[in-house]
Amino acid sequence: APLTAAHWQLMAVLVIALIIDVMKPAALGFVMPGVKEEYAVSAARGAALPFAALFGTVVGSVFWGLMADIYGRKATIMLSAVMFVGTSICGAMPSFNWNIFMCFLMGAAAGGMLPVTYALLAEIMPTKHRGWALVLVGGLGSGGGYFAASGCSAWLEPIFSWRVLFLLNLPTGLLLLSLSGFIPESAKFLLARGRRAEAKAAMARFG
């Protein structure tokens with residue numbers, strides 16, 4: 001099947017989703033100096049923060065992968081966005097230990113979106129274009145996420161302190177939720193659930 005405007009639109013939306021997703025763990029490298037100074041923790045103690053976030057990423061990849069097979073790709077991506085909004089509270093935590101817990105949840109949300117996004121794209125893109133499309137979306141999303149994190153750190157952190165990088169989870173999560181109308185459900189998932197009419201409508205959207 002040929003590529004259509006709907007395919008390009010989906011790729012653009014998923015690049016934005018991955019930029020928001022990668023931005024969360026990437027921001028940890030920029031908040032650590034401020035975290036260690038404000039909470040007066042050693043480097044070894046401060047390492048618990050990124051460890052909790054990365055451990056959450058692993059747990060989230062497994063958990064959200066299972067949820068995607070039960071509730072669908074689109075619903076799982078939207079649930080991850082809701083978690084992004086919730087974990088913006090990291091920017092207001094008075095305790096280092098509570099930040100560790102919330103960073104675990106933030107990592108779980110980020111870890112869930114990445115594989116589900118790839119699954120959705122792989123199931124919608126035509127076979128001939130699937131390989132380069134996944135690499136392109138993944139590369140732009142990953143690079144854009146680190147660029148966004150570093151740019152926000154250089155621009156906002158000197159004014160609002162390290163906490164602003166966590167508070168950004170609120171507007172970026174809401175942005176992702178606002179794009180939900182441009183993210184379709186996978187026709188393959190709909191067919192597996194016996195929802196044939198919805199699957200035909202989803203396939204017709206992509207020609």
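The residues of the chain are indexed from 1 along the displayed sequence. Quick caveat: nothing in here was measured; it's all calculated off a predicted structure.
Residues H7 and M125 have side chains in contact (heavy-atom distance under 4.5 Å, counting atoms from C-beta outward). Side chains of K74 and L120 form no contact here, defined as non-hydrogen atoms less than 4.5 Å apart. Taking the side chain as every heavy atom from C-beta outward, L79 and M67 never approach each other to under 4.5 Å. Contact of the I16 side chain with the L176 side chain is not registered, since no non-hydrogen atoms from C-beta on lie closer than 4.5 Å. Counting heavy atoms from C-beta on, the side chains of L10 and P184 come closer than 4.5 Å. Inter-residue side-chain proximity for L3 and W8 is flagged as met; some heavy-atom pair is nearer than 4.5 Å.
Across every non-hydrogen atom of A133 and M11, the tightest pair is CB-CE, 4.1 Å. The heavy-atom pair separating P158 from S153 by the smallest distance is CD-O, 3.3 Å. Considering every non-hydrogen atom in both P126 and P2, the closest pair reads CG-O, 4.0 Å. Between F96 and G46 the shortest heavy-atom distance is CZ-CA, 3.9 Å. Listed here is the closest heavy atom pair of P50 and M32: CD-SD, 3.9 Å. Between S80 and M113, the shortest heavy-atom contact is CB-CE, 3.6 Å.
For the atom pair I19 CD1 and L140 CG, the distance stands at 7.5 Å (nearest 0.5 Å). Rounding to the nearest 0.5 Å gives a distance of 10.0 Å between CZ of F101 and SG of C90. Between L177 atom CG and I183 atom CD1 the span is 9.0 Å, to the nearest 0.5 Å. The distance from the CE atom of M102 to the OG atom of S88 is 8.0 Å, given to the nearest 0.5 Å. From F147, atom CZ reaches atom SG of C152 across 9.5 Å, with rounding to the nearest 0.5 Å. Of the inter-residue distances, the one linking K200 atom NZ with R195 atom CZ reads 15.5 Å to the nearest 0.5 angstrom.
Cluster membership check: V82 shares its hydrophobic cluster with L14, using side-chain heavy-atom separations under 4.5 Å among Ile, Leu, Val, Met, Phe, Trp and Tyr. Clustering ILVMFWY residues whenever any of their side-chain heavy atoms sit less than 4.5 angstrom apart, transitively, puts M23 in the very cluster that holds F30. The hydrophobic clustering, which links ILVMFWY residues whose side-chain heavy atoms are closer than 4.5 Å, places Y71 and F189 apart. No single ILVMFWY cluster, assembled from side-chain heavy atoms under 4.5 Å apart, contains both V22 and L105. At a threshold of 4.5 Å between side-chain heavy atoms, the hydrophobic network of Ile, Leu, Val, Met, Phe, Trp and Tyr places F63 and I70 in one connected group.
Other residues, nucleotides and ligands place more than 12 heavy atoms under 6.0 Å from the CG atom of L179. In M203, the CE atom is not crowded: 12 or fewer heavy atoms of neighbouring residues, nucleotides or ligands sit closer than 6.0 Å. Annotation: R196, atom CZ; neighbour count of heavy atoms from other residues, nucleotides and ligands within 6.0 Å does not exceed 12. Within a 6.0 Å radius of OH in Y146, other residues, nucleotides and ligands contribute 12 heavy atoms or fewer.
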Side chains of residues 166-175: which donor-acceptor partners sit under 3.5 Å, not counting sequence neighbours?
{"from": "N169", "atom 1": "OD1", "to": "K24", "atom 2": "NZ", "distance (Å)": "3.1"}
{"from": "N169", "atom 1": "ND2", "to": "T87", "atom 2": "OG1", "distance (Å)": "3.3"}
{"from": "T172", "atom 1": "OG1", "to": "K24", "atom 2": "NZ", "distance (Å)": "2.5"}
{"from": "T172", "atom 1": "OG1", "to": "L168", "atom 2": "O", "distance (Å)": "2.7"}
{"from": "T172", "atom 1": "OG1", "to": "N169", "atom 2": "O", "distance (Å)": "3.4"}

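T117 pairs in a side-chain contact (heavy atoms from CB on, under 4.5 Å) with only one of the listed residues (T76, L134, L18), which is L18.
Remark: side-chain polar atoms of R73 are paired, donor with acceptor, to backbone N or O of A68 under 3.5 angstrom. Checking side-chain atoms of T57 against main-chain N and O of A53 turns up a donor-acceptor pair under 3.5 Å. Side chain of R163 to backbone of G91: a donor-acceptor contact under 3.5 angstrom is found. Side-chain atoms of R45 never come within 3.5 Å of backbone atoms of K36 as a donor-acceptor pair (strictly under, hydrogens ignored). A donor-acceptor pair under 3.5 Å links the side-chain atoms of W64 to the main chain of A108, judged by distance alone.
Side chains of E37 and W162: a donor-acceptor N/O pair is absent below 3.5 angstrom, by distance only.
Ring geometry for F51 against F55 counts as parallel: the plane angle stays under 30°, on a 0 to 90° scale with 60° as the upper cut.
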